[in-house]
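For the single chain, residues carry numbers from 1 onward in sequence order. Remember, it's a predicted structure, so these values are computed and weren't measured experimentally.
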Amino acid sequence: MYLLNIILATLISTALSVSTDCPHQCRCDTLRKTVYCLGKGLIKLPFGIPRDTITLYLQNNRLVNGPDLDKILGTLQVLTKLDLSNNSLTSFPKNLPRTLTWVSMKENDIRYIGSRALGRLSMLRALNLDNNTITNQGLSPSAFSGAANLRTLSLKWNRLTSLPEGLPSSVLNAHFRHNLIGAVSQTAVRSLKNLVTLELSYNNLTSESFDRNALRPLINLQYLDLSHNRLAYVPKCIPGNVTSLSLSHNLIKSINEPVRGQPRSMSLSRLGFLEHLDLSYNRLRWVEPGSLDRLIALKTVLLNENPWQCDCHLIYLKTWISTTRALMSMESNTICFTPEAFQSVTLQSLDRVSLTCPSRQVPDYNISISPQSIVLQWDVSNSDYPDYVEYSAFCGVPRCADCTPEGIIDGALREEYTYVSSIVKSHAIYPTDYSDSRNGVARIDITNRTPGKLYIVCMMESSKDIADLTIEDCEFVETNSASPGQIHDNEAIVPVWLAILIALLVILVLAAIVLVVYCQRLNAKKNKYKQSQREMAPAMTYDPMRQVYNMPGTTRTALIDSRNDRMYQPTAPGGAFRDSYIRSSATQDAGKEFDVTLMITSSSNNNLMQVPSPETCESYCSDGHNDTISTSHTRTNTTDSIGSQSDGGNHYHTNRHHHHYQHHQPPPRYDTHIANSNGYITP
């Protein structure tokens, strides 16, 4: 009877748990408001899901994006948990219920999350998007806008190349493992001030991937995982509140960033709250002194699987292990890899005095010699010494005046502990110039040397004193002899661009000078031409004794000897034009008043007045020349019919336009006057 009651109660419970409106492909738990539709091979979301469903499992199907999916999910107004993992979604679904607090869409093919895709999900606290194909291009900067209560975001196993921007400030845990992230910007981290856990393992991060102080805004960060990347040293931007730091499986060769020529900053010096440090599986051979001093809260440290070189540069780590309260994970945590004598021996078991270095503790370098400088160069990347060790060069002049390098060496080796400083007149320490260290080459420039002189050059590490230098640390170098006109290495050479610029300036200056000279000459020609034009029509004076017109600047003899002087006397109206000159000694009345018009052209070869012949007058007088000089003379008791005016018995005649006068006046009569022996013109 008891067994029958149990079976009956079970049947009743099962009947009550199955809702009458539950889809036939699913199983519904009405008491827990949960619907199980997982692993059914569904392509579309089935209809009939109870509206009061709180938890819906749809994983392991073949659901795709579509209006049906958005419509059915939108009707579930009290849904809080939705599992759509392992389906065929390509984008984030729309119209999800506002009541959701937990969503999983991992193992889909989601490539795009649009603007405000989570805008309705103000109550969402956890979102899992692992194992999709999300990229930075497919993730809108405002995709998470509206998800003000999101606490956990997981984007593992995607295709992000940088830390995504626009994440809500409410996020406490962000997981980006197994992406392609190679950059972390300040913009992406700026809003994540509440972040506690940041997982960036299995990415492409290098020591240069972080913006300066990129992680410093994460003031609440406690757990930081940077393992399985390509870091060469510990980033300096790690927040000081971190309690757990994982840096395993990187390429770390130095804990601190090797900034050449500058004081080195300790990357771990700010981590006063750090409790767990993992530096295993890296390439550490030495630890720079002071690197671990401020880790006062450290509880566990992992240093195994590093190629430790147990020499003098590992004394600091040996001392730190002996004094720290941190628990080493295993006794064989720090095992010597080199030298061969200590291989597979733990560092803890070695005595401190056993950690020694060779006497010549400098890299192999090359020497370049010029008349006035000596340059030492070596490959930093292939150096067998710590990258935090810096080097200096000692350069001195031998005490002997004409000694040879062999003689100096022989004399120095006679005493076992002869220092270099005892065999040189003066010395100078030249710090290392790391200007080319980015190309893997370091160099020391020793300048201002004397050509053709012998020098002692020694190279030493920064921790070594000059008094400890022996002849074995030095070389003898003789600078080259300077030849006439030789350009030394340390002499300044004008750059090509500066030479071209100077040449262009010189050309421009010369062109300007030529242009100014040309303009001045052109102006001079114009002024000369205008002056000649003015001189071609000078004023004339009348000689009453000789009854001729004299040109300025013309001598008396020239006027007498010229046979081209032409004079004419007015004729009465209607008089005939005489077309030939009178070559007789006929007299002429000097008392008669007459009018004379002189035409002077620029082609005249003398300064005497010339009158054109009647044949050429028509063409010549009509060409509009301005070189016409008109004179008028008063004549009494004479009346002209054209161009005359009477006033008080006197007749005035003015020739304003010569060509007009020639065409409207009777032709004048031409007479020839011949100068006599006394220089006067006789009729």
Taking only residues two or more places apart in sequence or in another chain, which ones pass ring pair (Phe, Tyr, Trp, His ring centres under 6.0 Å) with F394? H427
Would you please name every residue forming a side-chain hydrogen bond (donor to acceptor under 3.5 Å, both in side chains) with N86, sequence neighbours left out? N60
Under the side chain to side chain donor-acceptor pair (under 3.5 Å) rule, what do D211 and Q186 come out as? Steps first, then yes or no, please. CA-CA 6 Å; D211 284 353; Q186 290 182 341; 5.9 Å; no
If you look only at pairs with a residue in residues 223-235, which of them pass as a salt bridge (Lys or Arg N to Asp or Glu O under 4.0 Å), with sequence neighbours excluded? none
What distance separates Q372 CD from K453 NZ, expressed to the nearest 0.5 Å? 13.0 Å
Kindly compute the distance separating CZ (R449) from CG (N480), expressed to the nearest 0.5 Å. 14.5 Å
From CG (L200) to CG (L163), nearest 0.5 Å: 6.0 Å
If we ignore angles and hydrogens, is there a donor and acceptor under 3.5 Å between the side chains of Q377 and N366? no
Are R111 and T133 close enough that some pair of their side-chain heavy atoms sits under 4.5 Å apart? yes
Got a sec, which residues hit disulfide (SG to SG under 2.5 Å) with C336, two or more places apart in sequence or on another chain? C310
Note, D130 side chain near S154 side chain (heavy atom, < 4.5 Å): yes
Check side-chain hydrogen bond (donor to acceptor under 3.5 Å, both in side chains) between Y202 and all other residues, then give those that pass, not counting sequence neighbours. H228
The criterion is ring pair (Phe, Tyr, Trp, His ring centres under 6.0 Å); which residues satisfy it with W157, sequence neighbours excluded? H178
Show, in sequence, the C-alpha distance, side-chain angles and deciding distance for C474 and C458, and conclude whether the disulfide (SG to SG under 2.5 Å) test is met. CA-CA 4 Å; C474 306; C458 312; 1.8 Å; yes
Under 3.5 Å side-chain donor-acceptor pair for S162 and N136: yes
Going by heavy atoms in the side chains, are L376 and R443 under 4.5 Å from each other? no
Check: I335 and W308 side chains under 4.5 Å, non-hydrogen atoms: no
Give a yes or no on whether R216 atom CZ has more than 12 heavy-atom contacts from other residues, nucleotides or ligands under 6.0 Å away. yes
Using residues 236-244 as the side-chain source, report each donor-acceptor pair under 3.5 Å to any protein atom, sequence neighbours left out, with the distance given to one decimal.
residue, atom, partner, partner atom, Å
K236, NZ, E257, OE1, 3.3
N241, ND2, I219, O, 3.1
N241, ND2, L221, O, 2.2
T243, OG1, Q222, O, 3.2

Do V345 and L350 have side chains that get closer than 4.5 Å, going by heavy atoms? yes
Would you list the pairs meeting salt bridge (Lys or Arg N to Asp or Glu O under 4.0 Å) in which at least one residue belongs to residues 177-187, sequence neighbours left out? R177-E199
Give a yes-or-no answer on whether the side chains of S145 and R116 include a donor-acceptor pair shorter than 3.5 Å. yes
The complete set of disulfide (SG to SG under 2.5 Å) pairs with one or both residues in residues 148-204, sequence neighbours excluded, reads none
Check whether any side-chain heavy atom of V420 lies under 4.5 Å from a side-chain heavy atom of I456, and answer yes or no. yes
Would you indicate whether R294, at its atom CZ, is surrounded by more than 12 heavy atoms from other residues, nucleotides or ligands within a distance under 6.0 Å? no
Results of ring pair (Phe, Tyr, Trp, His ring centres under 6.0 Å) for H175 - residues two or more places apart only: none
Polar side-chain atom of N108 near backbone of L89 as donor-acceptor pair, under 3.5 Å: yes
Going from CG on L124 to CG on L153, what distance comes out if it is rounded to the nearest 0.5 angstrom? 9.5 Å
Within the 3.5 Å criterion, strictly below it, is a donor on N128 or W102 matched to an acceptor on the partner's side chain? no
Heavy-atom side-chain contact between K425 and P398 under 4.5 Å: no
Contacts of E275 meeting side-chain hydrogen bond (donor to acceptor under 3.5 Å, both in side chains) (sequence neighbours excluded), chain-then-number -> none
Would you tell me whether S322 and T319 have side-chain atoms, one donor and one acceptor, within less than 3.5 Å of each other? no
Strictly by modelled atom types, are Y233 and N250 linked by a side-chain donor-acceptor pair under 3.5 Å? no
Taking ring pair (Phe, Tyr, Trp, His ring centres under 6.0 Å) as the test, write out the residues that go with H276, two or more places apart. none
Given side chain to side chain donor-acceptor pair (under 3.5 Å), test D445 with T447 step by step and report yes or no. CA-CA 6 Å; D445 293 316; T447 57; over 6 Å; no
Evaluate side chain to side chain donor-acceptor pair (under 3.5 Å) for D311 paired with W286, printing each intermediate quantity in order. CA-CA 9 Å; D311 56 11; W286 308 278; 3.1 Å; yes
Could you tell me the separation between the OG atom of S280 and the CG atom of L303, rounded to the nearest 0.5 Å? 8.5 Å
Rounded to the nearest 0.5 Å, what's the gap from CG on L292 to CD1 on I321? Could you check? 9.0 Å
Do I315 and R352 come within less than 4.5 Å of each other through their side chains, counting heavy atoms only? yes
